[in-house]
Amino acid sequence: MKSEYSEELLSCMADVLNQNGFRAEVMRQENAPTLLRCEAMRQGKVAKDVVFEICFIPIQLPNPESGLLQFFVTLFQNAPAANAAQTRKACAYCNDFCALGAFGYFEGAGQLYLKHSTLIDGAQKLETLVPFVADNISLLLAAVSRFIDGLAAVSFSGMPLDAVIEQELFPKM
C-alpha cells in the first residue's frame, strides 16, 4: 500500500475519532511507520484512560495495494509481577469472548494489552475503508469496556479468576 494512502486513511480516522470524543493525533517520525495515537478516556468503573496505537506494519504483501493495519490497545502498565500467572490466565479466559483481537500480558512492563491486525485493501475508496476501520475500533473498545474492570481486579488486586467470574466482572462460560 502506498504510504500516502495509508497516511491519508490514518488522518481521516484521527478526524473521525476527534469528532466522536476521543483525543487522537497522527504522529510522523522519520524512518518509522506513521502512527495514529488515540486516547479513550475513563473506561470501565476503574475509569482508566486507554491508549490505542494504530499503524500499518511495514511488511511485503502479495498485493501491493494491500496493507496490514495493526491496532495495539494498552489497558494498564505496571501490574505487579506477583499476579502474573493469574493475569495470563485471565487474558486467556477473556480471549474466548472477544469478537476481535486478543488480550495479552507483557510481563517485563506489567502491561496488559489488546492486539488486533487486519488486512486493508488499498484498492477500496476511503469512504469504504473509514467505516470499516471505525467498526474495528468500536469492537475493540467494546472488548476493553467489557473486561477492563475484571482485568484490573486480577492484575492489581490479585483476585483469582474464579472470584472475578463469580462477581460477574467476566461472563460465565
Side-chain angles (χ1 to χ4, degrees), residues 1 5-6 9-27 33-59 61 63 65-77 79 87-106 109 111-155 161 164-165 168-173:
M1 174 179 284
Y5 190 77
S6 63
L9 176 59
L10 293 176
S11 292
C12 286
M13 287 311 307
D15 292 342
V16 168
L17 290 165
N18 281 321
Q19 292 169 9
N20 286 287
F22 296 88
R23 284 189 304 214
E25 66 178 313
V26 175
M27 303 170 78
T34 299
L35 178 74
L36 171 59
R37 187 177 189 282
C38 170
E39 292 181 25
M41 280 110 25
R42 307 182 57 81
Q43 298 300 304
K45 291 179 183 175
V46 293
K48 177 73 176 104
D49 292 353
V50 173
V51 177
F52 283 71
E53 294 171 316
I54 305 166
C55 72
F56 281 91
I57 302 297
I59 186 172
L61 297 171
N63 181 350
E65 290 186 0
S66 296
L68 187 62
L69 187 61
Q70 181 175 318
F71 302 80
F72 191 86
V73 185
T74 301
L75 281 70
F76 304 109
Q77 293 185 10
T87 300
R88 283 192 304 279
K89 191 174 174 182
C91 288
Y93 184 84
C94 293
N95 288 338
D96 289 338
F97 296 95
C98 279
L100 208 61
F103 286 97
Y105 177 62
F106 178 61
Q111 182 179 34
L112 275 92
Y113 61 86
L114 178 60
K115 184 177 172 185
H116 170 65
S117 297
T118 190
L119 193 61
I120 299 292
D121 181 1
Q124 298 287 320
K125 294 183 179 182
L126 280 177
E127 295 80 21
T128 303
L129 291 177
V130 168
F132 173 75
V133 174
D135 288 346
N136 277 256
I137 292 170
S138 294
L139 287 171
L140 293 170
L141 191 58
V144 167
S145 298
R146 185 175 191 190
F147 297 109
I148 194 167
D149 292 325
L151 288 168
V154 170
S155 300
L161 179 60
V164 172
I165 295 167
E168 298 181 356
L169 294 172
F170 288 160
K172 291 183 181 181
M173 283 279 194

Contacts of Ser11 meeting side chain to side chain donor-acceptor pair (under 3.5 Å) (sequence neighbours excluded), chain-then-number -> Arg28
Do you know which two heavy atoms are closest between [X] and [Y], and how far apart they sit?
X     : Y      : answer
Met41 : Gly21  : CE-O, 3.7 Å
Leu17 : Cys38  : CD1-SG, 3.9 Å
Met1  : Ser6   : SD-CB, 3.8 Å
Cys12 : Leu126 : SG-CD1, 4.0 Å

Quick note, salt bridge (Lys or Arg N to Asp or Glu O under 4.0 Å) partners involving residues 12-24, not counting sequence neighbours, are Arg23-Glu39
How many angstroms lie between [atom1] in [X] and [atom2] in [Y], if you round to the nearest 0.5 Å?
X      : Y      : atom1 : atom2 : value
Ile57  : Gln70  : CD1   : CD    : 3.5 Å
Met13  : Asn18  : CE    : CG    : 10.5 Å
Leu119 : Asn63  : CG    : CG    : 8.0 Å
Leu36  : Leu9   : CG    : CG    : 9.0 Å
Phe106 : Leu112 : CZ    : CG    : 12.5 Å
Leu161 : Thr87  : CG    : OG1   : 10.5 Å

Going by the rule side-chain contact (heavy atoms from CB on, under 4.5 Å), which residues pair with [X] if we only count those two or more places apart in sequence or in a different chain?
X     : value
Lys45 : Asp149
Gln77 : Thr74, Gln111
Val16 : Asn20, Val130
Arg42 : Ala47, Asp49

Sorted by chain and residue number, the salt bridge (Lys or Arg N to Asp or Glu O under 4.0 Å) partners of Glu25 (sequence neighbours excluded) come out as none
Sorted by chain and residue number, the ring pair (Phe, Tyr, Trp, His ring centres under 6.0 Å) partners of Phe52 (sequence neighbours excluded) come out as none
Sorted by chain and residue number, the ring pair (Phe, Tyr, Trp, His ring centres under 6.0 Å) partners of Phe22 (sequence neighbours excluded) come out as none
Which side-chain N or O atoms in residues 131-139 pair as donor and acceptor under 3.5 Å with protein atoms at least two apart or in another chain?
{"from": "Asn136", "atom 1": "OD1", "to": "His116", "atom 2": "NE2", "distance (Å)": "2.8"}
{"from": "Asn136", "atom 1": "ND2", "to": "Phe132", "atom 2": "O", "distance (Å)": "2.8"}
{"from": "Ser138", "atom 1": "OG", "to": "Ala134", "atom 2": "O", "distance (Å)": "3.1"}

Considering only distance and modelled atom types, tabulate donor-acceptor pairs under 3.5 Å from the side chains of residues 90-103, sequence neighbours left out.
{"from": "Tyr93", "atom 1": "OH", "to": "Pro171", "atom 2": "O", "distance (Å)": "2.5"}
{"from": "Tyr93", "atom 1": "OH", "to": "Met173", "atom 2": "N", "distance (Å)": "3.4"}
{"from": "Asn95", "atom 1": "OD1", "to": "Phe103", "atom 2": "N", "distance (Å)": "2.5"}
{"from": "Asn95", "atom 1": "ND2", "to": "Cys91", "atom 2": "O", "distance (Å)": "3.3"}
{"from": "Asn95", "atom 1": "ND2", "to": "Phe103", "atom 2": "O", "distance (Å)": "3.2"}

- Message: With side chain to side chain contact (heavy atoms under 4.5 Å, CB included) as the criterion, how do Phe170 and Leu151 come out once you've worked through the C-alpha distance, each side chain's angles and the decisive distance to 0.1 Å?
- Response: CA-CA 9 Å; Phe170 288 160; Leu151 288 168; 4.0 Å; yes
Apply side chain to side chain contact (heavy atoms under 4.5 Å, CB included) to residues Ile120 and Thr118 and explain how you reach the verdict. CA-CA 6 Å; Ile120 299 292; Thr118 190; 4.1 Å; yes
Quiz: residues 141-148 side-chain donor-acceptor pairs under 3.5 angstrom, not counting sequence neighbours:
{"from": "Ser145", "atom 1": "OG", "to": "Gln43", "atom 2": "OE1", "distance (Å)": "3.2"}
{"from": "Ser145", "atom 1": "OG", "to": "Leu141", "atom 2": "O", "distance (Å)": "3.0"}

Open item on the list: Is any side-chain heavy atom of Asp121 closer than 4.5 Å to one of Thr128?
Closed with: no
